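Report on the following structure.
Computed from a predicted model, the values in this text were never measured in an experiment. What's counted below: heavy atoms across the whole structure, side chains too, no hydrogens, waters or symmetry copies.
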Amino acid sequence: MRIRSATIHWYPAVMKYTRALALVPCVLLGLALPGWDSRQNNSAQPSAQTSVGDAATDLKIQSSVLRIEFDHNLHSRVVALFGPHPSPLTPLSATETVTGVGRVWRDFALTSAHHETVSDAFGAGERLSLAGKSGNLGKSISVTIYADFPSIAIFEVAYTNEGSTPLTIHGWNNNQYSLTSSPSARTPAFWSYQSASYEKRPNWVLPLQAGFRRENYLGMNASDYGGGTPIIDVWRKDAGLAVGHVEPGPRLISLPVSMPDARHAHVAVRSNRERMLDPGESFHTLRTFVSVHQGDYFRTLTEYRRLMVRQGFQMASAPDSAFGPIWCAWGYGRSVKLQQVYDTLPTVKKMGFSWVTLDDGWQNNYGDWGVDPKKFPHGDADMKALVDHIHAEGFKAQLWWSPLSAVPDSQLLKEHPDFLLLNRDGSKRKISWWNSFYLCPADRAVVEYHKALVRKILGEWGFDGLKLDGQHMNAVPPCYNPAHHHKRPEDSVEALPDFFRELYETARSVKPDALVEFCPCGTAYSFFTMPHFNMSVASDPASSFQIRSKGKTLKALMGDNVPYFGDHVELSDGAIDFASTVGVGGVVGTQFVLPNLVKKRSTSDLTPEREKIFEKWLHIYKDKMLSRGEYLGDLYDIGFDLPETHVIHKGEEMYYAFFARHWSGPIELRGLQDHAYRIVDYVSNKDFGTVHGPRAKISVQFDKHLLIEAEPE
């Protein structure tokens, strides 16, 4: 991501520090890490071990952005260094603990400490390693800060049974912190980003209130709802703190967030997995991290993505066609008739849409995925004819599909009951929305069956893209089907990203410019699946705020090159809010129906009034094409900056989108260069005159939204 001069708060030191890394030793970059000597180089080289009696200054590690400090009980705290003075964000406390039978081990008397320089997949850095003991339980902890990631400290913790009898471990906690608000903080004192998936589909970005608690378990939180991104973030107006893990795949952990009273917010990384630790045996927790930042959570997610890129995670590439506006036949529902699609296409073409999506209802059932003989009496030939007609009208064609689901009476399950994912008691796992059962993504035959379907849809039928849909795609439970010969039940959990990787690679092998949209129906996307599709979507948003906040989140996690579809505009506030999608750089779309083709009235009806609105916004979208711009998510805090603001940089222009129920007063234009700009409301063509960067203010009044363009003069 290109960082513009006016967007930087603590980044100047960070970027200068990063650019210099290749030229000089880390110690000359201002890393100021205890235990380093100016004569050291960047090779992995431990310094002398510190005895217990040495100065406490040896029990800390820091970058230009944060410092982690320990005491002689291995308690720690996080100190932010991006202000004029060091600012402790958390109190000194037992941040890494383990739970046993009737007790929690919190205090481990320090037995050794040492620093060393390291170099690995994340680059060059400094590591502080500590050891301690509590009775018969030994603890080792290392904290590493890398030169290229100065806002992140990565923790590795291990426990060893040094006694003569087995120890039962019920779970562990890493990076348990309490963030305190200032006494004068207004409500809300904290905002948060929370990344687990729940059946009620809550906001991913939300203010905290006293009494709030959410476990954020990344396993299954309902029969078919689970998974998420392994990060949580809580921030105040002046600073924020995030925790998570950096393992290369999904793990069954929790990321609890709570606000027990008006002044404190708590976060942690938690595992409740039980294990027996035999004498002399050790176990390692996950590689977890703490990160500090200013502004909202956007920086945390972009830094996490950069970190994971070092481990081989690369987001997919999208064809140019992926940025075209979308019409979907879902407005006609599962009972859609082919004639309704044919009769609607002229209007779709007149209004300027690029994609036509055939949604749920084309198939004979979930699982077999043959065409419905009542709608396609000539079978596959009718499906090919439909796709040919869509192409002849100048559109790209996309087909809805829900992999990993099969109804009980499907021919697939009659012939292959061994495909099923089974619960511990041997029962089938239900997918609620389609009254289906889960298939196991770790079973090779299941993978090959789905790859064959991809080849049929894109190759034989001729579709240009897939719309993969279903909350159950975001995560699966552990599988206990003995026919699969799993090494562990969690094999199914960890195999899910690879399942979608194989589908994506198959799609691109059939059609190199295939569009693969991933719509996990309100769940909080799993990061580990993200490299294996090339269009994200607001995924059944419950509000326009969800469209905007999901857009900000997915652009942070996936970057600007993967298009973000704001989903059907009918799902927005008032069923007509194109501004929320356009303003965050999303692709616009609709599920409109022609009223004369349906019996019941709905918000999907394309009335003459709505048609005029659609035509206006389609023109704006295609004229500005902000979906091809750079989303500058670190310029404004989505929680504490009012009005809510999003910014797109494209070419020499800056595009600002302001949102509020009603606003009257000044708005600030951040991120401008040091010259004059003409400010125009590009929706109503109102001219606000000229301002001069790098920061400027204008007074405005608006309801719901204001979208303006800043063009250099």
Side-chain angles (χ1 to χ4, degrees), residues 31-36 46-83 85-100 103-116 118 125-145 150-160 162 171-180 234 239 241-243 263-270 282 284-285 287-292:
L31 194 55
L33 300 178
W36 280 33
S47 62
Q49 186 164 292
T50 302
S51 68
V52 177
D54 285 346
T57 54
D58 290 323
L59 304 182
K60 62 184 179 181
I61 182 170
Q62 71 179 53
S63 69
S64 56
V65 178
L66 85 164
R67 181 165 68 227
I68 308 296
E69 300 176 347
F70 288 88
D71 68 8
H72 282 241
N73 287 316
L74 300 191
H75 293 193
S76 69
R77 70 174 181 174
V78 180
V79 181
L81 302 179
F82 41 64
H85 305 288
S87 174
L89 294 183
T90 68
L92 200 62
S93 63
T95 54
E96 286 72 45
T97 63
V98 65
T99 304
R103 67 167 298 180
V104 178
W105 283 274
R106 294 185 176 89
D107 302 333
F108 292 82
L110 178 69
T111 57
S112 67
H114 72 275
H115 289 262
E116 61 184 327
V118 297
E126 167 75 355
R127 178 170 296 153
L128 169 63
S129 296
L130 306 171
K133 191 170 182 180
S134 178
N136 291 326
L137 189 63
K139 177 180 182 179
S140 64
I141 180 170
S142 71
V143 183
T144 309
I145 302 178
S151 65
I152 298 173
I154 295 178
F155 284 61
E156 295 184 68
V157 184
Y159 297 93
T160 302
E162 298 178 357
W172 53 264
N173 290 275
N174 280 7
N175 305 105
Q176 297 181 103
Y177 301 113
S178 177
L179 194 62
T180 304
V234 172
L241 180 147
V243 301
R263 291 199 56 199
H264 298 91
H266 296 168
V267 298
V269 182
R270 176 173 299 155
S282 300
H284 294 256
T285 68
R287 290 179 299 161
T288 62
F289 72 88
V290 60
S291 177
V292 301

With sequence neighbours excluded, what pairs up with [X] under the side-chain hydrogen bond (donor to acceptor under 3.5 Å, both in side chains) test?
X: Ser291; value: none
X: Thr99; value: none
X: Asn175; value: Tyr177, Thr288
X: Arg106; value: none

Taking His75 for its side chain and Pro91 for its backbone only, find out whether a donor-acceptor pair lies under 3.5 Å.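 No, His75 side chain to Pro91 backbone: no donor-acceptor pair under 3.5 Å.
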
Just to verify, what does [X] make a side-chain contact (heavy atoms from CB on, under 4.5 Å) with, not counting sequence neighbours?
X: Ser282; value: Thr160
X: Ala265; value: Phe190, Leu208, Val234
X: His266; value: Ser178, Ser258, Pro260, His264

Apply side-chain contact (heavy atoms from CB on, under 4.5 Å) to residues Leu66 and Phe82 and explain how you reach the verdict. CA-CA 8 Å; Leu66 85 164; Phe82 41 64; over 6 Å; no

>> So Leu59 and Leu110, do their side chains get closer than 4.5 Å, heavy atoms only?
In response: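 Touching, per the 4.5 Å side-chain cut-off.
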
Can you find a heavy atom in the side chain of Val267 that is under 4.5 Å from one in the side chain of Leu179?
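In short, these two side chains do not touch, never coming nearer than 4.5 Å.
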
* Residue list, salt bridge (Lys or Arg N to Asp or Glu O under 4.0 Å) with Arg263, at least two apart or on another chain ->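 Checked Arg263 against salt bridge (Lys or Arg N to Asp or Glu O under 4.0 Å); zero matches.
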
Item to complete: Mind running side-chain contact (heavy atoms from CB on, under 4.5 Å) on Ile68 and Phe155 for me, showing each step along the way?
Response: CA-CA 11 Å; Ile68 308 296; Phe155 284 61; 4.0 Å; yes

Counting only pairs under 3.5 Å, give me each side-chain donor-acceptor contact of residues 129-142, with atom names and distances, residues two or more places apart or in other chains.
from, atom 1, to, atom 2, distance (Å)
Lys133, NZ, Glu162, OE1, 3.2
Ser134, OG, Asp107, O, 3.2
Lys139, NZ, Glu96, O, 2.7

Q: Could you list all the salt bridge (charged side-chain N to carboxylate O under 4.0 Å, His left out) pairs where at least one residue sits in residues 63-74, not counting sequence neighbours?
A: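 As it turns out, the salt bridge (charged side-chain N to carboxylate O under 4.0 Å, His left out) pairs with a partner in residues 63-74, which skip direct neighbours, are Arg67-Glu69, Glu69-Arg77.
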
Testing the basics here: between Leu81 and Pro86, what is the closest heavy-atom pair and its distance to 0.1 Å?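 Residues Leu81 and Pro86, closest heavy atoms: CD2-CB, 3.8 Å.
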
Between [atom1] on residue [X] and [atom2] on residue [Y], distance to nearest 0.5 Å:
X: Leu89; Y: Leu241; atom1: CG; atom2: CG; value: 6.0 Å
X: Thr144; Y: Ile61; atom1: OG1; atom2: CD1; value: 6.5 Å
X: Ser63; Y: Ile152; atom1: OG; atom2: CD1; value: 10.0 Å
X: Ile145; Y: Arg127; atom1: CD1; atom2: CZ; value: 11.5 Å

- Item | Qualifying residues under ring-ring contact (aromatic ring centres under 6.0 Å, His included), relative to Phe108, sequence neighbours excluded |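 If we apply the ring-ring contact (aromatic ring centres under 6.0 Å, His included) test to Phe108, skipping adjacent residues, the hits are Tyr159.
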
